[in-house]
Amino acid sequence: MVSVMRGALVSAAVMAAVVAFPSMAQAPVKTASGPVSGVTADGIESFKGIPFAAPPVGDLRWRAPQPPAHWSAALKADHYGHDCMQEPFGGDAAPLGTAPSEDCLVLNVWRPAGAHGKLPVMVWIYGGGFVNGGSSPSVYDGSAFAKKGVIMVSFNYRLGRFGFFGHPALTAADADHGLLGNYGYMDQIAALKWVQANIAAFGGDPANVTIFGESAGGGSVHVLMTSPLTKGLFAKAIVQSGGGRGNLMGERRLREDLPNMPSAETLGVALAKKNGIEGTDAAALASLRALPAEAVVDKLNLANMASDTYGGPMVDGKIVAEDPQSAYLAGRYNKVPLMIGANSADIGFNFAQTKEAAFAPFGSHIDAARAAYDPMGNFPVEVIRYFMGMDRMMIEPARFVASVLATQGVPSYEYRYAYVADSMKAEWKTGTPHATEIPYVMDTVKAKYDDKLTAADAKIADQTNSYWANFAKNGNPNGDGLPEWPQYDPKADVLMNFAPDGTPAAIPDPWKARLDVTAAIAP
């Protein structure tokens, strides 16, 4: 007993010293590519800008990620690497902290200082419509997870035309044996393989990895859940506002033109022609790879994604073989515990100009739809289509996935994020907007709201972060001091309702009525 107490006292003294002297150096961590040294502050050690693949530039533009070069001296991983090349979006809720560049395939690690053993690991995948985003925003800091005994990893993946691109010349060259088109997804898989190979050196458990992402990142989690190429790369998954029925950016094919949906190759040829590049031979490919990065971006971002030279992720037959709905219903997916949900005022698209047009798709269910979306008959079409859009794109698909997995015996937990920061209640009157739950998940609300942060905001952030951390540890979000979050049961339809009281509840009407009628017309 004396030796145990003495050991505890020594450990406490070491932790106190780490906190008291933030610059105190830890021994470099040996990765497969070379040693890295981090920065310690407040008991958390961070490593930023670690290459997990070679820079995808020159002849490596539009190729599957290649291994990084080796180094011998300790790499000082004390600042973020470049976020991936893009046209920054002025209204982004998570503004970038670095200048974008093609040389961007780096990752970041947060851990308790001096961590050893086998700590659970969380791997964050950012959103941004596959055209914006990065790992450097302050609201994506992983320190809060590390303080709860979880190692967090974030990484960059290629975006826009760098990340999702097809061209007949690339198909003809086929340097990566059929890995074509979805280069951003290839980066995500490469990062997860890096975690499998290296996270034990940081004190993490490669057998206990949780992937989590929001929006495009949440859609990416569905791809990773259902891809034939990801077996064994993770043990749990979390989807935040990532849909779950169709592929998030549609059913575009790599080579096959569909009605009203040109293939990635057709769009790639259009980009080449726009830049004066003709043909589909090796010379054309060399010219494409020699284009300035700015010409490839061509102002593309969240504000102007409609383009005749860009189409986003695609069905490639290798990484993406089918839509999530088909894969889940058929049991063709990584059967790991899942947390999934959406926000109470999430994103979605519906362009109906009249009520008649808005309700027409409901067919024989039109009366139920009117009762759910316009019960008094006095809602303007703008309100009706807003709720229809979010329900169809984000909210109902989350419930669908939770239900399918639960029915198949896979533990699933659904949530509805309805908490609005005190300082935003006057502005966000319809509910919690898309992506605004992220500072609560990461417990980075101080970075988001600064002096407007209230005690209530901070409490919900700690609670949310605790649920996510607990799930990473045990595949179950519950823990001491938290309201019980039951596994999803389709018959009970009970989820965690993140609201001021922060307690689980059955899906409330009229929300449930909206989801039921939306499910009735789902493909």
Side-chain angles (χ1 to χ4, degrees), residues 55-66 84-87 100-102 104-105 128-132 157-188 216 219-220 223 246-323:
V57 299
D59 288 342
L60 298 186
R61 180 189 282 180
W62 300 313
R63 277 200 63 189
Q66 303 298 303
C84 286
M85 194 64 195
Q86 62 192 278
E87 177 79 8
S101 168
E102 276 194 86
C104 63
L105 297 186
F130 299 105
V131 295
N132 286 122
Y157 61 92
R158 282 172 282 182
L159 300 164
R161 298 182 184 91
F162 297 99
F164 304 94
F165 183 77
H167 192 276
L170 278 167
T171 303
D174 195 12
D176 299 308
H177 309 290
L179 282 176
L180 295 163
N182 287 316
Y183 303 103
Y185 288 150
M186 296 177 208
D187 296 342
Q188 295 176 9
S220 296
V223 167
N247 290 311
L248 199 56
M249 302 302 287
E251 299 302 311
R252 190 178 307 280
R253 301 299 198 264
L254 172 61
R255 304 188 66 185
E256 177 190 1
D257 289 330
L258 300 175
N260 301 314
M261 189 175 287
S263 70
E265 284 196 357
T266 296
L267 296 174
V269 168
L271 176 72
K273 288 182 177 179
K274 184 175 181 178
N275 286 278
I277 300 171
E278 300 287 343
T280 59
D281 57 7
L285 179 55
S287 296
L288 280 165
R289 284 179 166 150
L291 284 174
E294 292 75 15
V296 178
V297 175
D298 194 24
K299 306 294 185 183
L300 179 73
N301 68 9
L302 281 167
N304 58 0
M305 290 176 63
S307 171
D308 59 2
T309 59
Y310 172 73
M314 65 206 75
V315 177
D316 61 8
K318 286 275 190 176
I319 298 172
V320 183
E322 59 188 328
D323 60 85

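- For the atom pair CD (Q66) and CG (L60), the distance works out to 6.0 Å, reported to the nearest 0.5 Å.
- Listed by chain and residue number, R332 satisfy the side-chain hydrogen bond (donor to acceptor under 3.5 Å, both in side chains) test with E322 (two or more places apart in sequence, or in another chain).
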*asked:* Set out, in order, the CA-CA distance, both residues' side-chain angles and the distance that settles side-chain contact (heavy atoms from CB on, under 4.5 Å) for V315 and E251, then state yes or no.
replied: CA-CA 6 Å; V315 177; E251 299 302 311; 4.2 Å; yes
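- By the 30° and 60° cut-offs, the orientation of the rings of W62 relative to F165 is parallel.
- Considering only residues two or more places apart in sequence or on other chains, D176 meets the salt bridge (Lys or Arg N to Asp or Glu O under 4.0 Å) condition with R63.
- Annotation for Y185 and S220: closest pair CE2-OG, 3.6 Å, computed over non-hydrogen atoms.
- Under the 3.5 Å distance criterion, the side-chain polar atoms of R161 are matched with a main-chain donor or acceptor of T309.
- For E102, the salt bridge (Lys or Arg N to Asp or Glu O under 4.0 Å) criterion is met by R61, not counting sequence neighbours.
- When all heavy atoms of C104 and P56 are compared, the pair lying nearest together is N-CD, 4.4 Å.
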For residues 271-279, which side-chain N or O atoms pair as donor and acceptor with protein atoms under 3.5 Å away, sequence neighbours left out?
from : atom 1 : to   : atom 2 : distance (Å)
K274 : NZ     : D298 : OD2    : 2.5
N275 : ND2    : L271 : O      : 3.0

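- Nearest approach of Y157 to L105, heavy atoms of both residues: CA-CD2, 4.4 Å.
- Pairing each heavy atom of L300 with each of E87, the nearest pair is O-CB, 3.4 Å.
- L258 has its side chain within reach of R253: a pair of non-hydrogen atoms, C-beta onward, lies under 4.5 Å apart.
- Listed by chain and number, the residues in a salt bridge (Lys or Arg N to Asp or Glu O under 4.0 Å) with R158 are D187 (sequence neighbours excluded).
- If you look at F164 and F130, their ring centroids are closer than 6.0 Å.
- In this structure, L180 CG and I319 CD1 are separated by 9.5 Å, a value rounded to the nearest 0.5 Å.
- The heavy-atom pair separating M249 from P313 by the smallest distance is CG-CD, 3.7 Å.
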*Stepwise side-chain contact (heavy atoms from CB on, under 4.5 Å) test for V297 and Q86*: CA-CA 6 Å; V297 175; Q86 62 192 278; 5.6 Å; no
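- Residue pairs meeting the side chain to side chain donor-acceptor pair (under 3.5 Å) criterion with at least one member in residues 312-321, sequence neighbours excluded, are N182-D316.
- A distance-only check finds a donor-acceptor pair linking the side chain of R252 to the backbone of G311 [under 3.5 Å].
- Residues satisfying the side-chain contact (heavy atoms from CB on, under 4.5 Å) test with N304, not counting sequence neighbours, are K299, N301.
- Nearest heavy atoms, C84 versus P100: O-CB, 3.5 Å.
- Residues L288 and H167 form a side-chain contact, since some pair of their non-hydrogen atoms from C-beta on lies under 4.5 Å apart.
- With D281 contributing its side chain and A169 its backbone, the two residues share no donor-acceptor pair below 3.5 Å.
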Please list, one pair per line, the donor and acceptor atoms closer than 3.5 Å that link side chains of residues 262-270 to other protein atoms, with sequence neighbours excluded.
from : atom 1 : to   : atom 2 : distance (Å)
S263 : OG     : D257 : OD1    : 3.2
S263 : OG     : E265 : N      : 3.4
S263 : OG     : T266 : N      : 3.1
S263 : OG     : T266 : OG1    : 3.1
E265 : OE2    : T171 : OG1    : 2.3
E265 : OE2    : R255 : NE     : 3.3
T266 : OG1    : D257 : OD1    : 2.9
T266 : OG1    : D257 : OD2    : 3.3

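- The ring pair (Phe, Tyr, Trp, His ring centres under 6.0 Å) check on F162 picks up nothing, with sequence neighbours excluded.
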